[in-house]
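Here is how names work: the chains are called A, B, and so on, in the same order as the sequence lines, proteins then strands, and each is numbered from 1. Fair warning: this is a prediction, and the values are worked out from it, not measured in the lab.
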Amino acid sequence: MRFTLSFNSVATSFFCTTTITPAIPVITTTLLKQCRTVIQANLVHQQILVQGLTEMATDLIGAYIACDAPGQAISMLERLAPSHSTVFWWNALIRRAVRLGFLEDVLGLYRKMQRHGWRPDHFTFPFVLKACGELPSFLRGASVHAVVCAKGFESNVFVCNAVVTMYGRCVWHDHEKQAQIHDGYEDVMVKDVVSWNAMVTGYSQIGRFEDVLALFKKMRENNIELNVVTWSAVIAGHAQRGHGYEALDVFRHMQVCGSEPNVVTLVSLLSGCAAVGALLHGKETHCYAVKCILNLEGSDPGDDLMVINSLIDMYAKCQSSKVARMMFDLISPKCRNVVTWTVMIGGYAQHGEANDALELFFEMLGQENLMKPNAFTISCVLVACSRLAALRLGKQIHAYVLRNQLESVMVFVANCLIDMYSKSGDIDAARLVFDNMKQRNAVSWTSLMTGYGMHGRGEEALLVFDEMRRAGWVPDGVTLVVVLYACSHAGMVEQGIKYFDSMSKEFGIVPGVEHYACLVDLLGRAGRLDEALKLIEDMPMEPTPIVWVALLSACRTHPNVQLGEYAASRLSELESENDGSYTLLSNIYASARRWKDVARVRSMMKHTGVKKRPGCSWVQGKKGTATFFVGDWSHPLSRQMHVILEDLIQRIKAMGYVPETSFALHDVDDEEKGDLLFEHSEKLALAYGILTTPAGAPIHITKNLRVCGDCHAAMTYISKIIDHEIILRDSSRFHHFRKGSCSCGGYW
DNA sequence: TTAGGGTTAG
């Protein structure tokens, strides 16, 4: 049996020793190796001082670093005379700071060691350069590169590779300085396949695949063979940019070239399949993984889990959440890691199964082997909250984010919070999150603008847009979609047209089909149907379904049977299974009292197997969420809800409200139609909200489809006589009903 | 000591 001395047993004899014996340095070394806490290291330190064992100083520094006490290690190092052996410890300190991501500390230590007379060696530079590669500008990395050359390290292959890696990473961060970065890369004297791959990665990440090809050519000229890392880097680059099919092409090419894929290749490839919803290719990759990668003798379980996580993610993103869940359930809870949980939660959240996402999140929190959610998990949960407009839970998650300081390290967490608050009806809270952000990116700005647009606060959206440009951000295609959307939902027609016309000239963005769809929507909502049609006819590309849906919706809001029929027929040529378009057309006929045509649309739906999604509304109450379908009186509070609604309808009728019976799609008399309207899900939700919401507090209602015109009119009247603001989110935007008017101003 | 990877937001 092996006998090992514990720290305590050795320490007891050591600290009781009063005379110096030859055994003491040996015991000290043993103790230093066993130190796990700063207190233990301090105890040994005191004994070293008592015994005068100055030769033990470097071992002590090592113990302090191992115990994660860099301050003590640095103060000891500063008191030592520079030597080769002590550079090792500076390097160890710098390596630790790099691992922990403390970039400024890395550079501080690098400067400090030189100030105290130490010279960085061929171990120091790779660490420092790695930290420089993480910085947003390449200038500091370039200055370290200059030192590398000045000190004569340009012939060391490790240092040179680190220099190229640094430049490769800077390519991702500093697109505008690419030429200078490229010059720096060219200046490096020694290049082996590692450094070539570093640059291949850099160009792949920003989508400069023509530069990647040029590098391939140069590699061939230099007799450097592309290896699995080279191919994986290019596949990952395509996948991260959402170009899954290109990733698959590269993968095929790689196989033709005889390079064997590994775990990393498959993970990147699956990410590409997931990005484009390529289920069949994903399944093929799954088969390949089972045959050639997973559970092989000697394979790393961590690597296997990474592939399985990617498979779950791929299935979930390819609309196969049931298969994803089967795989998730097959992994023992002990073997799952935080990513396993996150991909499953995210898969649910993004594909309309937000309740399942939240259920799984709570299951994760209840795990025996405490599974701590990370910033990605929290983002997925916030997406689920946004989908459900679950403001109460969203606020709790926000508190978790603040407690764990997740928003300060991860910009995208704060972006998710902006999205959650604005989609849950509290745009002012979204603004507060935005204002408190220490760092923002383009998504932060556009998320806030989208929020203002959804709430009909177009002027504020445009103010944010101006602020964004003043802050130096260059708008992209998505930003302009958001600008046009905001104009459209606030009735700012002329401003919208102006922005659309100036896109190419002022922002260098060629309008895409999504921008044309926004403009059709903008003109359509404003009732300028002829101009909207003319725009579609003059578009330089073929209209997609969203363009025709925009026109069809406008024909419902501003009744036009003929144009509506035309839009619907063009839409059905492209997309025959859109239940929303059938409903819109049926509504157009109903408002013109063309009941035979209504019946014809119904029979077409039956014939083609298209089912109308039932209207569904929900209210976030104190005791959870209450969900209502049309005509659903099964709730325990139904009786009271009925009484409230009857009373309200009578009172608003006296104020001039006339039920808009064209929204009841049945060929029955008007009185009966009024009853049908009475049962719409949003009215039931409102009655429930009035019953359960404290006086003066807003009632938050969410509807899966667009709000019915009659319900909209009724809520406008009702908001005059109740002591609540009604905040209603439908599938298109927010409506804030206050004191007899709605924030949408008719642009819904 | 150096190269490639899974989870996120407009």
Visitor: The side chain of A:Ala442 is closest to which nucleotide in this list: B:dT7, B:dG4, B:dG10?
Guide: B:dG10
Visitor: Measuring to OP1 and OP2 of B:dG10, would you say a side-chain N or O of A:Arg440 lies under 4.0 angstrom away?
Guide: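 Answer is no, no contact under 4.0 Å.
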Visitor: Counting the atoms with a prime plus P, OP1 and OP2 as sugar-phosphate, which does A:Val383 contact under 4.0 Å by heavy atoms, base, sugar-phosphate, or nothing?
Guide: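 Since only primed, P, OP1 and OP2 atoms lie under 4.0 Å of A:Val383, the category is sugar-phosphate.
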Visitor: If you check the A:Asp313 side chain, which of B:dG4, B:dG10, B:dT7 turns out closest?
Guide: B:dT7
Visitor: How would you label the contact of A:Ala236 with the nucleic acid (heavy atoms, under 4.0 Å): base, sugar-phosphate, or nothing?
Guide: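 Answer is sugar-phosphate: A:Ala236 comes under 4.0 Å of backbone atoms only.
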Visitor: Round to the nearest Å and state the distance from A:Phe376 atom CZ to B:dG5 atom C1'.
Guide: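 That distance rounds to 13 Å.
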Visitor: When the ring centroid of A:Trp445 is compared with that of A:Phe434, is the distance short of 6.0 Å?
Guide: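 Aromatic pair counts; centres sit under 6.0 Å.
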Visitor: For the side chain of A:Cys416, counting heavy atoms from C-beta on, which of B:dG4, B:dT7, B:dA9 is nearest?
Guide: B:dA9
Visitor: Would you indicate what A:Asn91 reaches in the nucleic acid, counting non-hydrogen atoms under 4.0 angstrom: base, sugar-phosphate, or nothing?
Guide: nothing
Visitor: Mind checking if A:Val267 touches a base, just sugar-phosphate, or nothing, with heavy atoms under 4.0 Å?
Guide: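 Sugar-phosphate, backbone atoms only, no base.
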Visitor: Among B:dT7, B:dG10, B:dT2, which nucleotide sits nearest the side chain of A:Thr165?
Guide: B:dT2
Visitor: Mind checking if A:Val228 touches a base, just sugar-phosphate, or nothing, with heavy atoms under 4.0 Å?
Guide: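 Contact class for A:Val228: base.
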Visitor: Go through B:dG5, B:dT2, B:dA9 for me and flag the one nearest to the A:Val264 side chain.
Guide: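 It is B:dG5.
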Visitor: Give one of base, sugar-phosphate or nothing for A:Ser310, where a contact means two heavy atoms less than 4.0 Å apart.
Guide: sugar-phosphate
Visitor: Do any pairs count as a ring pair (Phe, Tyr, Trp, His ring centres under 6.0 Å) and have a residue in residues 187-208 of chain A, sequence neighbours left out, and if so which ones?
Guide: none
Visitor: Hey, could you give me the CE/OG1 distance between A:Met314 and A:Thr285, rounded to the nearest 0.5 Å?
Guide: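 Interatomic distance, A:Met314 CE to A:Thr285 OG1, rounded to 0.5 Å: 7.0 Å.
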Visitor: Given atom CZ of A:Phe127 and atom P of B:dA3, what is their separation to the nearest angstrom?
Guide: 11 Å
Visitor: Classify A:Cys160 by what it touches in the nucleic acid, base, sugar-phosphate, or nothing, heavy-atom distance under 4.0 Å.
Guide: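 Nothing, no nucleic acid heavy atom in range.
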Visitor: Heavy-atom distance under 4.5 Å between the side chains of A:Asn156 and A:Val190, does that happen here?
Guide: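 Not in contact.
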Visitor: Should A:Phe158 be counted as stacked on B:dT1, where stacking needs a ring-centre gap under 5.5 Å and an angle between planes under 30 degrees?
Guide: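 Answer is no, no stack.
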Visitor: Does a sphere of radius 6.0 Å around NZ in A:Lys130 hold more than 12 heavy atoms from other residues, nucleotides or ligands, not counting ones at 6.0 Å or beyond?
Guide: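 12 or below, so no.
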Visitor: Which nucleotide wins on minimum distance to the side chain of A:Gln350, given the candidates B:dG5, B:dT7, B:dT8?
Guide: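 Side chain of A:Gln350 sits closest to B:dT8.
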Visitor: Closest to the A:Val478 side chain: B:dG10, B:dT7, B:dT8?
Guide: B:dG10
Visitor: Within 45 degrees of the ring normal and closer than 6.0 Å to the centroid, is that where the cationic atom of A:Lys191 sits relative to A:Tyr185?
Guide: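 Judged by the rule, A:Lys191 and A:Tyr185 form a cation-pi pair.
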Visitor: Does one side chain, of A:Ser232 or A:Ser268, offer a donor that lies under 3.5 Å from an acceptor on the other?
Guide: no
Visitor: Checking all strands, does A:Asn337 fall into the base, sugar-phosphate, or nothing category for heavy-atom contacts under 4.0 angstrom?
Guide: base
Visitor: When the distance from CG of A:Leu305 to C1' of B:dT7 is rounded to whole Å, what number comes out?
Guide: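 After rounding, the gap between these two atoms is 12 Å.
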Visitor: What nucleic acid atoms does A:Val343 come within less than 4.0 Å of, heavy atoms only: base, sugar-phosphate, or nothing?
Guide: sugar-phosphate
Visitor: What about A:Asn227, does its side chain sit under 3.5 Å from the base of B:dG4 through a donor-acceptor pair?
Guide: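 Looking at the base of B:dG4, it does not pair with any donor or acceptor on the side chain of A:Asn227 (distance under 3.5 Å).
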Visitor: From the list B:dG5, B:dG4, B:dT1, which nucleotide is the closest neighbour of the side chain of A:Asp303?
Guide: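 Of all the options, the side chain of A:Asp303 is nearest to B:dG5.
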Visitor: I want to check one thing: is the phosphate of B:dG4, taken as OP1 and OP2, less than 4.0 Å away from some side-chain N or O of A:Gln240?
Guide: no
Visitor: May I ask you to say what A:Asn374 touches in the nucleic acid, namely base, sugar-phosphate or nothing, with a heavy-atom cut-off under 4.0 Å?
Guide: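 Contact class for A:Asn374: base.
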Visitor: Tell me whether A:Phe507 at atom CZ has more than 12 heavy atoms from other residues, nucleotides or ligands lying less than 6.0 Å away.
Guide: yes
Visitor: By nearest atom, which of the nucleotides B:dT7, B:dG4, B:dA9 is closest to the A:Val443 side chain?
Guide: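 My answer, after comparing the listed nucleotides, is B:dA9.
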Visitor: Could you give the CD1-to-P distance, from A:Ile308 to B:dG5, as a whole number of Å?
Guide: 20 Å
Visitor: Would you indicate, yes or no, if B:dT2 has its OP1 or OP2 atom less than 4.0 angstrom from a side-chain nitrogen or oxygen of A:Lys191?
Guide: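 No, because none of the side-chain N or O atoms of A:Lys191 sits under 4.0 Å from OP1 or OP2 of B:dT2.
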Visitor: What contact category does A:Ser204 fall into here, base, sugar-phosphate, or nothing, at under 4.0 angstrom with non-hydrogen atoms?
Guide: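 Nothing, no nucleic acid heavy atom in range.
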Visitor: Rounded to whole Å, please give me the gap between OH in A:Tyr167 and P in B:dT2.
Guide: 19 Å
Visitor: Could you state the atom-to-atom distance from CE of A:Met420 to P of B:dG10 in whole Å?
Guide: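 For the pair A:Met420 CE and B:dG10 P, the rounded distance is 13 Å.
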Visitor: To the nearest Å, how far apart are A:Asn161 CG and B:dT2 P?
Guide: 11 Å
Visitor: Which nucleotide wins on minimum distance to the side chain of A:Asn441, given the candidates B:dA9, B:dT7, B:dA3?
Guide: B:dA9
Visitor: Atom CG of A:Leu382 and atom P of B:dA9: how far apart are they, to the nearest Å?
Guide: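 In whole Å, B:dA9 P and A:Leu382 CG are 10 Å from each other.
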Visitor: Any side-chain N or O of A:Lys423 below 4.0 angstrom from OP1/OP2 of B:dA9?
Guide: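 It does not, given that no N or O in the side chain of A:Lys423 lies less than 4.0 Å from OP1 or OP2 of B:dA9.
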Visitor: Look at A:Gln205 and B:dA3 and indicate whether a side-chain polar atom (N or O) is within less than 4.0 Å of OP1 or OP2.
Guide: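 Indeed not, no polar side-chain atom of A:Gln205 lies that close.
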